[in-house]
Q: 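Before I ask anything, let me first share the structure, which is written out below as structure tokens.
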Amino acid sequence: MKIVAVGGTGLIGSKLVEKLRDAGHDALAASPDSGVDTLTGEGLAEALEGAQVVVDVSNAPNWDEAAVLEFFETSTRNILSGEERAGVSHHVVLSVVGTERLQESGYFRAKLAQEEAIRVGPIPYTIVRATQFFEFVGRIADSNSDGETVRVPPVLIQPEAADDVAAALAVAAVGAPVNGTVELAGPERFRLDELAGRVLAAGRDPRQVTADVHARYFGAELDERSLVPGDDARIAPTRFDDWLSRTIHQDVTRRDAGGRAEPPIKPGKESTS
């Protein structure tokens with residue numbers, strides 16, 4: 001089966017493409033790096049030719065409120081139109097748990113607009129809403145950092161490993177469209193401030209985390225359950241301590257092999273998708 005992963009060179013996309021190929025599928029990573037620009041449409045028709053499924057894990061390069069909305073609306077419109085012409089039978093998109101509860105944020109307003117365009121579009125679809133990734137907790141800390149102090153809201157979060165998200169997307173891609181939303185979350189709940197502190201400590205980062213109920217999450221103020229899924233969420237297998245141990249081990253192995261010495265946990269530089 002030919003499956004096109006839009007945004008297939010990023011953190012989730014690259015893992016997804018690898019899993020699909022390992023399962024014997026013809027997986028194509030479509031991104032500006034491979035000559036496919038969904039915002040302009042360049043290279044899109046060629047990438048979609050012969051595809052049965054498209055998985056969109058792309059993200060906006062600019063999170064300015066107007067730019068991010070323009071990206072998701074235009075990119076999604078171009079992808080859906082291209083899929084209709086190419087005869088694609090299933091559109092899968094990666095979104096975020098709690099999107100409808102985070103509408104103070106221009107980013108999440110844009111993600112909701114993307115979801116709505118897919119729901120009314122011509123292609124059968126599956127929306128996979130994931131909780132935050134372990135790999136991006138550092139980015140949350142960065143966005144709430146003021147010198148040596150990191151102010152993070154003490155709300156519940158149920159994060160998961162990026163590898164588990166990619167695995168769930170691979171399952172969705174080869175399954176039937178649900179024409180609805182599937183939620184995915186990790187196996188444990190934490191307080192966000194607690195988790196941020198553990199990630200910074202593991203990375204030997206000297207900043208101190210302070211709980212602040214008014215601290216923003218990518219522009220939105222949170223309540224206790226803004227970031228957690230509903231009762232029917234599919235639960236990913238990887239626990240935080242196992243992920244952390246594996247990440248530290250991989251970093252030590254890399255250094256022992258002559259790679260550059262870096263903290264085992266680094267601030268996230270990519271977006272939530």
Q: Are the side chain of Q103 and the backbone of T99 linked by a donor-acceptor contact shorter than 3.5 Å?
A: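 Confirmed, Q103 side chain pairs with T99 backbone.
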
Q: Are F108 and V93 connected in a single hydrophobic cluster, I mean Ile/Leu/Val/Met/Phe/Trp/Tyr linked by side-chain heavy atoms less than 4.5 Å apart?
A: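 Unlinked, V93 and F108 end up in two clusters.
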
Q: Do the side-chain N and O atoms of W243 and E160 include a donor-acceptor pair separated by under 3.5 angstrom?
A: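 E160 and W243 do not have a side-chain donor-acceptor pair below 3.5 Å.
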
Q: Please, which pairs that meet salt bridge (charged side-chain N to carboxylate O under 4.0 Å, His left out) have at least one residue in residues 185-195, sequence neighbours excluded?
A: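 As it turns out, the salt bridge (charged side-chain N to carboxylate O under 4.0 Å, His left out) pairs with a partner in residues 185-195, which skip direct neighbours, are E188-R239, R191-E224, E194-R198.
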
Q: Of all residues at least two apart in sequence or in a different chain, which pass the side-chain contact (heavy atoms from CB on, under 4.5 Å) check with E46?
A: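 For E46, no residue satisfies side-chain contact (heavy atoms from CB on, under 4.5 Å) once neighbours in sequence are set aside.
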
Q: Ignoring hydrogens and geometry beyond distance, is a side-chain donor-acceptor pair present between T238 and D164 at under 3.5 Å?
A: yes

Q: Can you tell if the side chain of L28 reaches within under 4.5 Å of the side chain of I3, non-hydrogen atoms only?
A: no

Q: Using side-chain heavy atoms (C-beta onward) and a distance below 4.5 Å, is L102 in contact with L227?
A: yes

Q: Are the side chain of S81 and the backbone N or O of R77 linked by a donor-acceptor pair below 3.5 Å?
A: yes

Q: Under 4.5 Å between side-chain heavy atoms, counting indirect links through other Ile/Leu/Val/Met/Phe/Trp/Tyr residues: same cluster for L112 and I127 or not?
A: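 Shared cluster, no.
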
Q: Tell me whether V128 shares a hydrophobic cluster with F133, the cluster being built from Ile, Leu, Val, Met, Phe, Trp, Tyr side chains joined at under 4.5 Å.
A: yes

Q: Could you check if a side-chain atom of Y107 sits within less than 4.5 angstrom of a side-chain atom of N59, using non-hydrogen atoms only?
A: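 Heavy-atom side-chain distance check passes, below 4.5 Å.
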
Q: Determine whether the side chains of T9 and S31 contain a donor N or O and an acceptor N or O closer than 3.5 Å.
A: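 Result is yes, a qualifying pair exists.
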
Q: Counting heavy atoms not belonging to E104, are there more than 12 under 6.0 Å from its CD?
A: yes

Q: Hey, is K111 close enough to E116 for a salt bridge, meaning N to O under 4.0 Å?
A: no

Q: Check the pair T149 / Q208 against side chain to side chain donor-acceptor pair (under 3.5 Å), numbers first and verdict last.
A: CA-CA 5 Å; T149 301; Q208 296 298 308; over 6 Å; no

Q: Check the surroundings of atom CG in D241: do more than 12 heavy atoms from other residues, nucleotides or ligands lie under 6.0 Å from it?
A: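 Yes, enclosed.
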
Q: Determine whether a donor-acceptor pair (N or O, by modelled atom type, separation under 3.5 Å) exists between the side chain of S14 and the backbone of L11.
A: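 It does hold such a pair.
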
Q: Consider only side-chain heavy atoms of I, L, V, M, F, W and Y, link residues closer than 4.5 Å, and tell whether F240 and V97 are in one cluster.
A: no

Q: Can you name the nearest heavy-atom pair linking L16 to A5, along with the distance?
A: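 Closest heavy-atom pair between L16 and A5: CD2-CB, 4.1 Å.
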
Q: Under 3.5 Å, is there a donor-acceptor pair between the side chain of E73 and the main chain of Q114?
A: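 A pair under 3.5 Å: no.
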
Q: Any carboxylate oxygen within less than 4.0 angstrom of a Lys/Arg side-chain nitrogen, looking at E65 and R109?
A: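 Between R109 and E65 there is a salt bridge, with a charged N closer than 4.0 Å to a carboxylate O.
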
Q: Could you check whether any side-chain N or O of T210 sits under 3.5 Å from a backbone N or O of R151, counting only pairs where one atom can act as donor and the other as acceptor?
A: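 No, T210 side chain to R151 backbone: no donor-acceptor pair under 3.5 Å.
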
Q: Could you tell me whether a side-chain N or O of S75 sits under 3.5 Å from a main-chain N or O of F72, the two making a donor and an acceptor?
A: no

Q: Determine the minimum heavy-atom distance between V96 and R129, stating which atoms define it.
A: O-CD, 3.4 Å

Q: Ignoring hydrogens and angles, tell me if any N or O in the side chain of D37 forms a donor-acceptor pair with the backbone of P32 under 3.5 Å.
A: no

Q: Using distance alone, with no hydrogens and no angle criterion, decide if S226 and D223 have a side-chain donor and acceptor under 3.5 Å apart.
A: yes

Q: Going by atom types alone, do D56 and S58 pair a side-chain donor with an acceptor below 3.5 Å?
A: yes

Q: Is it the case that atom CD in E49 sees more than 12 heavy atoms from other parts of the structure closer than 6.0 Å?
A: no

Q: Working to the nearest 0.5 Å, report the span between CD1 of I123 and CG of L80.
A: 6.5 Å

Q: Would you say CG of N62 has more than 12 non-hydrogen atoms from neighbouring residues, nucleotides or ligands within 6.0 angstrom?
A: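 Yes - once you tally the heavy atoms of other residues, nucleotides and ligands closer than 6.0 Å, there are more than 12.
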
Q: Answer yes if the side chains of Q158 and T131 hold a donor-acceptor pair under 3.5 Å, and no otherwise.
A: no

Q: Got a sec: does the CD of E100 have more than 12 other heavy atoms crowding it under 6.0 Å?
A: yes

Q: Give a yes-or-no answer on whether the side chains of H90 and Q52 include a donor-acceptor pair shorter than 3.5 Å.
A: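 Q52 and H90 do not have a side-chain donor-acceptor pair below 3.5 Å.
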
Q: Check residues 165-187 and write down every donor-acceptor pair under 3.5 Å in which the side-chain atom is one partner and the other belongs to a residue at least two apart or another chain.
A:
unit_1, atom_1, unit_2, atom_2, d
N179, OD1, Y125, N, 3.0
T181, OG1, R119, NH2, 3.4
E183, OE1, G230, N, 2.7

Q: Any salt bridge linking E148 with R207? Criterion: basic side-chain nitrogen under 4.0 Å from a carboxylate oxygen.
A: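 A salt bridge is absent here (no side-chain N lies under 4.0 Å from a carboxylate O).
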
Q: Report yes or no: do Y217 and Q132 form a side-chain donor-acceptor pair below 3.5 Å?
A: yes

Q: Going only through I, L, V, M, F, W and Y residues with side-chain contacts under 4.5 Å, is there a path from L195 to V152?
A: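 Yes, L195 and V152 fall within the same hydrophobic cluster.
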
Q: Do V53 and V4 have side chains that approach each other closer than 4.5 Å (heavy atoms only, starting at C-beta)?
A: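 They are not in contact (no side-chain heavy atoms under 4.5 Å apart), so the answer is no.
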
Q: If I compare all heavy atoms of N144 with all of A215, which pair ends up nearest, and what's the gap?
A: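 Nearest heavy atoms, N144 then A215: OD1-CB, 4.0 Å.
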
Q: Does the side chain of I157 reach to within under 4.5 Å of the side chain of V228, using non-hydrogen atoms?
A: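 No, their side chains stay 4.5 Å or more apart.
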
Q: Considering non-hydrogen atoms only, spot the tightest contact between A196 and V209 and give its length.
A: C-CG2, 4.0 Å

Q: Taking all heavy atoms of N78 and all of L39, pick out the closest pair and write down the distance.
A: ND2-O, 3.2 Å

